[in-house]
Amino acid sequence: MYVRKSSSSLVSLCRLPANVQALRPVTLGLFELTAFAFGFIRSHSSVRLRLNSGKQKSFRALVPDSCFMHLIDNAINRSHFNQVNARVLVSGLRCHGFLVTKLVNGYARVGEMRYARDLFDDFPDPDVFLWNAIIRCHSRHNLFRDALGLYSKMQLLWVSPDSFTFTCVLKACSALPALEMGRRVQCQIFRRGFDSDVFVQNGLVTFYAKCGEIELANKVFWRLSERTIVTWTSMISGYVQNGQPLEALRVYGQMRKTNLKPEWITFVSVLKACTDVEGLEGGESIHGCAIKMGFELEPDLIVAFTAFYAKCGLVTVARLFFDLVETPNLVLWNAMISGYSKNGLAHEAIALFRRMVKKNVILDSISVTSTISACGQVGSIDLAKWMDEYIASSEFKDAVVVNTALIDMYAKCGSINLSRDVFNRTKDKDVVMWSAMIAAYAVHGEGQEAIDLFKAMRKAGVPPNDVTFVSLLSACKHSGLVEDGWKLFHCMSEYSIQPRHQHYACVVDLLGRAGYLDRAYEFIRNMPMEPGLSIWGALLTACKIHQHVPLGELAAERLFSLDPYSTGHHVQLSNIYASARMWDRVSKLRVLMKEKGLSKDLGYSSIEINGKLQVFQVGDKSHPRFKEIFDELESLERRLKEAGFSIDAESVLHDLDHEETEETLCNHSERIAIAYGLISTPPGTTLRIIKNLRACVNCHAAIKLISKVENRVIVVRDANRFHHFKDGNCSCGDYW
DNA sequence: GTAGGGTTAG
C-alpha cells in the first residue's frame with residue numbers, strides 16, 4: 001500500500017505523532033482516520049483503535065484490510081462520511097474491491113453520490129458485489145436511468161448478475177416505469193435460473209403492478225411455489241395501486257387462509273383498499289387485528305389509520321390517531337391536513353398548516369397543495385392572496401402542482417384574472433395545469449376563453465387527456481356553446497381518448513339546457529354504456545328549465561330507482577310539476593318525500609367583510625346588526641320595485657329547490673349577505689358571496705338589478721358555478 | 001435486497 005503524496009493534508013497527518021489516544025476517532029472524519037491509519041501502519045507493528053462502541057481493538061500492521069473495514073464501519077455509524085477524499089483512498093485501496101464496495105455504500109448513505117461514482121469509475125475491475133452496490137445506490141437516490149445504464153454496462157463487461165442485482169434493477173424499472181426493459185430483465189432472470197428466487201420474483205410482482213400490468217403481476221404471483229408475506233403484500237398493494245381495491249381485499253382474504261402472519265406494512269395497503277371502497281367496517285376490523293398483533297403503536301401504521309379514518313369522514317377519530325404522535329412526521333401532518341380539507345373542514349386544515357409552519361416543520365408540495373385546496377373551499381380572496389404570497393416566497397413558487405392548485409383556488413374564490421396570472425407566470429405547464437385553467441373558465445361561464453385556451457394548448461404541443469375534455473365540455477355547457485361542444489365531443493377519438501360516462505353526461509347537459517331535449521334523449525339511448533345518475537340528473541335539470549313534464553317524469557323514475565333517497569331529484573321533479581302548475585302532483589310528491597323521510601338541505605350564504613367570514617341562513621336575524629341589515633333589505637326592495645322589478649311569487653313559493661320562506665322572498669340568505677355587504681363596505685366595493693345551493697331564479701333576477709341600482713360588481717359562487725353581476729347583467733347570460 | 005401511508009385539473 002502507498003499514500004499518494006499529492007494530498008498535502010494527508011502528508012501532514014502522516015507526520016502526526018503515532019499516539020492512538022491523540023487520534024480521537026470520535027471527532028475525526030473518515031478522511032483523517034484513514035490517513036492516520038496509513039501513516040500509523042507504516043511505522044508500527046500493531047494498531048489499537050478505540051471504536052464507537054467504546055471498545056478498543058488491535059490490528060496487526062500490514063494487515064490493513066480488517067483495519068479499514070472497522071474504520072469505515074466506524075465512520076459510517078458516526079455519520080463521519082462526509083470529508084473523505086475518494087481519490088486518495090482509491091489509490092491506496094486499488095486491490096481491495098470489498099473495501100471499495102463498503103465505501104460506495106457508505107457514500108450513498110450520506111448522499112455523496114459523486115464520490116461514490118468517482119470511486120467506482122476509478123476501480124479497474126469491479127466484481128458483482130461492487131456492481132450491485134453502485135446500481136443500488138443510484139436506485140436509492142432516484143437515479144433510475146443511471147442505475148439501468150450501469151446494469152447494461154455490467155452486462156457488456158460480462159459480469160454475471162446475481163439475485164441482488166435483479167432486485168435492484170427491477171426496482172429501478174418499477175420506479176420509472178420501464179416496461180420493455182423490465183421484460184428483458186425477466187428473460188435474463190429466467191435464463192440465469194432465478195425463476196424460483198422469491199426475492200427476485202417479489203420484485204417482478206411489484207414491477208408489473210407498478211407498470212399497470214396487474215394481470216402479468218398476478219401470473220407471476222400464482223406461478224410461484226413459495227410465497228412470503230412480502231409476496232402477498234406486493235400483490236395486495238398492486239391491486240390497490242391499479243384501482244382494484246376489491247381484488248386487493250379478496251387476495252388479503254386468501255392470504256389470511258395461509259399460516260403467514262401479516263406484517264404491519266400489509267395492513268397499510270389493506271387499509272388503503274378499505275378507504276377506496278369506503279369500507280369503514282373492513283378498516284375497523286383491520287384496526288382490531290392490528291391491536292391484537294401488537295401493531296397499534298407502529299408509527300407508520302398510525303399514519304395509515306389517520307389517513308383511513310380521515311378519508312372515511314371520521315375526522316375526529318383520525319385526529320385521535322394524529323394526537324397519539326408527539327412529533328408527527330411530514331406524511332402524518334399531510335394526511336391530517338388533507339383529511340380536514342377533503343371533508344370540508346377547510347378552517348381546521350388551514351389552522352393545522354399554520355401550526356406546522358409555526359413549529360418549523362419542513363413542508364413539501366403536498367402540505368401546501370392540500371392547504372391551498374382548503375383555501376379554495378373557504379372562498380376568501382384575502383386568504384387566497386395570503387396563501388399566494390406565502391408560496392411566492394417559498395421554494396414551491398415554481399412547482400407546477402402547487403401553481404395548479406393556486407389556479408383552482410383563485411377560480412373558486414371568484415377571481416379568474418388572478419388564476420390566469422398564475423397560469424401565465426408558470427413555465428413548463430403540464431396537461432393538468434392547462435385543464436385546470438380551462439376548468440376555471442368553465443365555472444366562470446367563459447366558454448369561448450376555454451376553447452381558445454384549448455387551441456393554445458394544442459399549439460404548445462401538450463396532448464389533452466380525458467379530464468381536459470370534461471373541462472372543455474363543461475365550459476361549453478355553461479356557456480350554451482352547443483355546436484362547439486358537440487364537435488369537441490366527437491373529436492376526442494382523434495386524441496385516442498375514449499369518452500367516459502362523465503363526458504356523455506356533459507353532452508346530455510349541453511343539449512338539454514339548450515332545449516334540445518329530444519336530441520338529448522336520443523343521445524342517451526344510443527350510449528354504449530348504461531346511463532347512470534349523472535346522465536338522468538342532467539336530463540331532469542334540462543326538463544326543469546324547459547318545463548318538459550313527460551321526459552322529466554321518465555328521468556326522475558330512473559333516478560328514483562338508482563338512488564331512492566336523494567332529496568334533490570324529488571325536489572327537481574316537484575319543481576317541474578310546479579312550473580307546469582300541476583299542484584296535485586306537487587303535493588303527492590311532497591307526501592312521498594315525507595314518507596321517505598327526506599328533507600331539504602338548509603340554504604346558507606357567506607360573505608367576507610374585513611377578513612371575517614359571516615354566514616347567513618334564510619331569514620337570519622342572529623347577526624348583531626340584523627336591524628340595520630333588514631332596514632337595508634327593505635329599502636333595497638323598494639328601490640328594486642321602483643326600477644320595475646316584480647317577482648313570480650306563485651311559482652317561487654312552490655320552488656322547493658330553494659329556501660322556503662315564511663315571510664317575503666327578499667330574505668333568502670344571499671340577499672341578506674348582500675345587504676350586509678352593502679352596509680359594511682364603501683360604495684363601489686366588489687361583493688363576493690358564496691352560496692351552498694344553486695342560485696334561485698328570483699334572487700338571480702334581483703341581484704342583476706341590485707348590481708345596477710347600487711353600481712356594484714357582485715360575484716356569487718353557487719353550488720355549480722360563478723355568477724358575475726354587473727350593470728344589470730350576469731356573466732352566465734341567464735344560462736345556468 | 002423485495003412490500004406501505006400524504007398532493008393538483010372534473
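Proteins come first, then strands; the chains are lettered A, B, ... in the order of their sequence lines, and each starts at number 1. When reading the values below, keep in mind they use all heavy atoms of this one structure, side chains included, and skip hydrogens, waters and symmetry mates.
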**Prompt:** Taking the inter-plane angle between the rings of A/Phe469 and A/Tyr495 on a 0 to 90° scale, is it parallel (under 30°), tilted (30 to 60°) or perpendicular (over 60°)?
**Reply:** tilted
**Message:** Heavy-atom count check: over 12 atoms from other residues, nucleotides or ligands less than 6.0 Å from A/Asp428 CG?
**Reply:** no
**Asked** What are the 5'-most and 3'-most nucleotides of DNA chain B lying under 4.0 Å from any heavy atom of chain A?
**Response** B/dG1 to B/dG10
**Prompt:** Taking the six-membered ring for Trp, are A/Trp232 and A/Trp222 parallel (under 30°), tilted (30 to 60°) or perpendicular (over 60°)?
**Reply:** perpendicular
**Request:** Check every strand shown and say whether A/Asp300 touches a base, only sugar-phosphate, or nothing at a heavy-atom separation below 4.0 Å.
**Result:** base
**Message:** Students often get this wrong, so: under 4.0 angstrom with heavy atoms, is A/Asp430 touching a base, only sugar-phosphate, or nothing?
**Reply:** nothing
**Message:** Need one value for A/Ala436: base, sugar-phosphate or nothing, where a base atom within 4.0 Å counts as base even if backbone is also close, heavy atoms only.
**Reply:** sugar-phosphate
**Asked** Which is true for A/Gln241 with a 4.0 Å heavy-atom rule: it touches a base, it touches only sugar-phosphate, or it touches nothing?
**Response** sugar-phosphate
**Prompt:** Across the strands shown, which category fits A/Trp264 at heavy-atom distances under 4.0 angstrom: base, sugar-phosphate, nothing?
**Reply:** base
**Prompt:** Checking all strands, does A/Asn132 fall into the base, sugar-phosphate, or nothing category for heavy-atom contacts under 4.0 angstrom?
**Reply:** nothing
**Request:** May I have all residue pairs that pass side chain to side chain donor-acceptor pair (under 3.5 Å) and include part of residues 465-474 of chain A, sequence neighbours excluded?
**Result:** A/Ser435-A/Thr468, A/Asn465-A/Thr468, A/Asp466-A/Arg500
**Message:** For a quick check of understanding: with a heavy-atom distance under 4.0 Å over all strands, which category does A/Ser163 fall into, base, sugar-phosphate or nothing?
**Reply:** base
**Prompt:** Just checking A/Glu263: base, sugar-phosphate only, or nothing, at a heavy-atom cut-off of under 4.0 Å?
**Reply:** base
**Fill in**
Exactly one of A/Phe166, A/Phe199, A/Phe164 clears ring pair (Phe, Tyr, Trp, His ring centres under 6.0 Å) with A/Phe194, and that residue is A/Phe166
**Message:** Which residues pass the side chain to side chain contact (heavy atoms under 4.5 Å, CB included) test with A/Thr231, not counting sequence neighbours?
**Reply:** A/Val198, A/Asn202, A/Phe221, A/Leu224, A/Arg227, A/Thr228
**Message:** Mind checking if A/Ile438 touches a base, just sugar-phosphate, or nothing, with heavy atoms under 4.0 Å?
**Reply:** nothing
**Asked** Are the aromatic rings of A/Phe396 and A/Tyr390 close, with centres under 6.0 Å apart?
**Response** no
**Prompt:** When we call it a touch if two heavy atoms are under 4.0 Å apart, what does A/Asn329 touch: a base, just sugar-phosphate, or nothing?
**Reply:** base
**Request:** With heavy atoms under 4.0 Å as the rule, sort A/Lys342 into base, sugar-phosphate or nothing.
**Result:** sugar-phosphate
